[in-house]
Protein chains: 2
Amino acid sequence: MSLRFALLALLTSRPMTGYDVSKQFSQSVAHVWHAPDSQIYPELNRMERDGLLESAVVPWGKKGTKKEYAVTEAGVKAFREWMDSPIEIRRQREPAYLKAAYLEWAEPGAARAELKQFRDHWTEHLAMLEATRATLVDRSHPTLARRLEHYDASEWDRIVRYKIFAYDGLIDQARAAITWAERGLLLVEELEGSPSTEPA
Amino acid sequence: MSLRFALLALLTSRPMTGYDVSKQFSQSVAHVWHAPDSQIYPELNRMERDGLLESAVVPWGKKGTKKEYAVTEAGVKAFREWMDSPIEIRRQREPAYLKAAYLEWAEPGAARAELKQFRDHWTEHLAMLEATRATLVDRSHPTLARRLEHYDASEWDRIVRYKIFAYDGLIDQARAAITWAERGLLLVEELEGSPSTEPA
DNA sequence: TGCCACTAACTATAGAGATAGGTAGTTTGT
DNA sequence: ACAAACTACCTATCTCTATAGTTAGTGGCA
């Protein structure tokens with residue numbers, strides 16, 4: 001059910017169309033919670049049906065229209081309630097660690113390639129996270145800027161520091177993943193120097 | 001599709017009944033890939049249908065029987081192929097980081113409680129991981145011991161070190177999560193010393 | 001003999017999520 | 001005038017996961 005609250009979180013910064021939401025998602029909230037637009041549109045509909053959002057049809061060009069969603073009071077209440085409720089703990093489900101545990105079954109070349117792929121993915125991801133973190137620190141992040149408009153300047157520091165805190169957590173994770181993959185590469189070099197032997 | 005390969009991984013150590021698998025899962029592979037038995041039983045059936053496993057009905061007590069699954073050659077082949085294929089990258093989907101980014105909406109008390117809950121969950125999890133890691137290092141881990149029987153003693157070190165490597169990654173993750181939660185608790189103390197003010 | 005915890009093996013159902021499409025209007029550049 | 005890219009909004013389908021049951025035999029002990 002977190003998708004619903006990720007959407008509420010985003011829409012508290014300003015009203016948006018489904019399209020806006022799906023674009024914003026890939027730039028900001030997605031670092032924290034990813035969703036494709038095939039999930040976003042139906043969920044927005046359901047949230048409107050449940051009274052958490054209200055929509056206004058606004059003209060777009062000559063003939064076109066678009067639907068802009070705004071969070072209702074009930075939506076704000078639901079979001080606050082979720083914020084105050086215990087977090088759901090996610091179960092471990094990460095193919096990389098599963099594979100790592102059985103690396104004796106892999107071709108040395110494949111093992112190396114996979115560890116590199118994993119490291120490179122996280123390196124890229126880390127760069128994105130650090131770039132976004134920087135836009136939070138200097139407050140140039142567009143969604144953040146829109147969000148701060150609703151608040152008194154005395155609150156800004158508090159709000160921004162929570163966002164940075166979230167990114168710091170993600171950055172730590174990414175760094176840990178990269179370090180781990182690099183250790184893995186060294187391990188494969190050490191153990192698979194000669195052609196691998198097969199189990200009996 | 002990783003469940004299928006997690007099951008294959010486990011069953012390469014020795015043939016097992018569905019019940020064994022679901023028990024073993026919670027003790028070993030589950031640290032790396034969690035699944036409830038309502039997923040395990042149907043998946044084992046499908047794997048048998050697909051020829052990756054073969055089952056033998058063995059008597060149990062006076063009237064009872066049980067079904068023991070063993071990996072077929074096709075199963076070994078499928079497992080090896082999966083091991084050599086690129087890892088699927090999981091999208092970020094972690095409610096804790098989502099919440100952290102919007103902590104200005106939470107009651108200070110609730111924010112503290114959640115961060116503590118998160119930290120305590122990971123602390124517990126870390127203890128379990130470290131305990132399991134220790135049984136790998138001294139080779140007292142039962143599933144590992146059964147697995148090593150299929151291999152020449154010269155291979156043991158290699159196999160064990162990959163398992164330890166996987167656990168090291170999980171341990172790093174757990175430690176990072178705990179450190180992050182503790183930083184969060186300090187942050188909440190710093191920012192929420194006085195009663196929180198509401199957005200305009 | 002009766003009870004209880006455990007072993008064994010599921011089923012049913014709903015919701016979440018991934019992948020892959022489709023349709024129609026708008027804006028921009030050539 | 002036309003194409004290409006972008007905005008807007010979905011739908012369909014399949015698989016994956018979570019939660020909560022069900023049914024039946026086993027082994028021990030009070």
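Between A/R183 and B/D172, at least one side-chain nitrogen of the basic residue sits less than 4.0 Å from a carboxylate oxygen of the acidic one, meeting the salt-bridge criterion. Using a cut-off of 4.0 Å between Lys/Arg side-chain N and Asp/Glu carboxylate O, A/E189 and A/R112 are scored as salt-bridged. Using a 4.0 Å cut-off between charged side-chain N and carboxylate O, A/K77 and A/E81 make a salt bridge. With respect to the salt-bridge test (charged N to carboxylate O, under 4.0 angstrom), the residues A/R133 and A/E130 do not qualify. Electrostatic pairing of A/E149 and A/R14 does not count as a salt bridge here, judged by no charged N lying under 4.0 Å from a carboxylate O. Between B/D120 and B/K116 no salt bridge is recorded (no basic side-chain N to carboxylate O distance below 4.0 Å). Ion pairing of A/E107 with B/R80 is absent here, as no side-chain N (NZ or NE/NH1/NH2) approaches a carboxylate O to less than 4.0 Å.
The CZ atom of B/F25 sits 13 Å away from the C1' atom of D/dT17 (whole-angstrom rounding). Across the protein-nucleic acid pair, B/Y41 atom OH and D/dT23 atom P stand 17 Å apart, rounded to whole Å. B/I40 places its CD1 atom 12 Å from the C1' atom of C/dC10, with the value rounded to the nearest Å. Distance, B/L44 CG to C/dA8 P: 14 Å, rounded to whole Å. Following rounding to the nearest Å, B/N45 (CG) and C/dA12 (P) show an atom-to-atom distance of 13 Å. The distance between atom NZ of B/K23 and atom C1' of C/dA9, rounded to the nearest whole Å, is 12 Å.
Under the salt bridge (charged side-chain N to carboxylate O under 4.0 Å, His left out) criterion, the residue pairs touching residues 45-55 of chain A are A/R4-A/D50, A/E43-A/R46, A/E48-A/K67, with sequence neighbours excluded.
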Verify salt bridge (charged side-chain N to carboxylate O under 4.0 Å, His left out) between A/E114 and A/K99, making sure each step is shown before the conclusion. CA-CA 9 Å; A/E114 286 175 63; A/K99 273 198 178 179; 2.8 Å; yes

Detail all sub-3.5 Å separations between protein N/O atoms and N/O atoms belonging to nucleotides 24-27 of chain C.
from	atom 1	to	atom 2	distance (Å)
C/dG25	O3'	A/G64	N	3.4
C/dT26	OP1	A/W60	O	3.4
C/dT26	OP1	A/K62	N	2.9
C/dT26	OP1	A/K63	N	2.9
C/dT26	OP1	A/G64	N	3.1

Annotated protein contacts, base or backbone, on nucleotides 13-21 of chain C with a non-hydrogen cut-off under 4.0 Å, one of B, S, - each: ---SBSBB-

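Side chains of A/R147 and A/T12: a donor on one and an acceptor on the other come within 3.5 Å. A donor-acceptor contact under 3.5 angstrom links the side chains of A/T143 and A/Q24, judged on distance only.
Rounded to 10°, the helix from C/dT1-D/dA30 to C/dT30-D/dA1 has 10° between the axis fitted to its first five pairs and the one fitted to its last five.
Nucleic acid contact class of B/K67 (heavy atoms, under 4.0 Å, all strands): sugar-phosphate only.
Remark: B/Y41 engages B/Y19, B/D37 in a side chain to side chain contact (heavy atoms under 4.5 Å, CB included) (not counting sequence neighbours).
Under the 6.0 Å cut-off for aromatic ring centres, A/W180 and A/F118 qualify, their centroids lying closer than that.
Against DNA chain C, the stretch residues 13-21 of chain B makes heavy-atom approaches under 4.0 Å through B/T17, B/G18, B/Y19, B/D20.
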